[in-house]
Amino acid sequence: MRENQQVAEMADEILARQTRDRVRRTGEPYEQALEAILQTEAGHQLQELRDGPHGAERAQAWQEGLAEERRRRRGRRG
């Protein structure tokens, strides 16, 4: 993650890396590999994250917010 990187940029980089890895493994065209990645649960979640309401947030701030939310949830259960 780069400083000041947006959530959408982070998701795009992950999708691109996964797609390139699939192209290397399978030899299929990039667009076909990307479509296959987007059909997976993880790919679909990344697409929703990229296109959703948090896409324009700074990735670091978003991740810190997730960590805080997890801490609060653990506190309520314990």
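None of these values were measured; they are calculated from a predicted model.
- Atom CD of Q47 is separated from atom OG1 of T40 by 10.0 Å, given to the nearest 0.5 angstrom.
- Within the structure, salt bridge (charged side-chain N to carboxylate O under 4.0 Å, His left out) contacts touching residues 22-32 (residues at least two apart or in different chains) are D21-R24, R22-E28.
- One distance of note links CD of E9 with CD1 of I14; it measures 12.0 Å at 0.5 Å rounding.
- Minimum heavy-atom separation, Y30 to V23: CA-CG2, 3.7 Å.
- Electrostatic pairing of E69 and R73 counts as a salt bridge here, judged by a charged N lying under 4.0 Å from a carboxylate O.
- Shown here are the side chain to side chain contact (heavy atoms under 4.5 Å, CB included) partners of Q39, two or more places apart in sequence or in another chain: E35.
- Going from atom CG of D12 over to atom CD of Q6 covers 10.5 Å, rounded to the nearest 0.5 Å.
- Nearest heavy-atom pair, A33 versus T19, reported as atom, atom and distance to 0.1 Å: CB-CG2, 3.8 Å.
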Fill in: Derivation and outcome, side-chain contact (heavy atoms from CB on, under 4.5 Å), residues L15 and Q18
CA-CA 5 Å; L15 288 168; Q18 291 177 345; 4.2 Å; yes
Practice prompt. Could you check R50 against M10 for side-chain contact (heavy atoms from CB on, under 4.5 Å), going step by step and ending with a plain yes or no?
Written response: CA-CA 8 Å; R50 177 191 66 195; M10 181 182 65; over 6 Å; no
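- For the atom pair Q32 CD and I37 CD1, the distance stands at 11.5 Å (nearest 0.5 Å).
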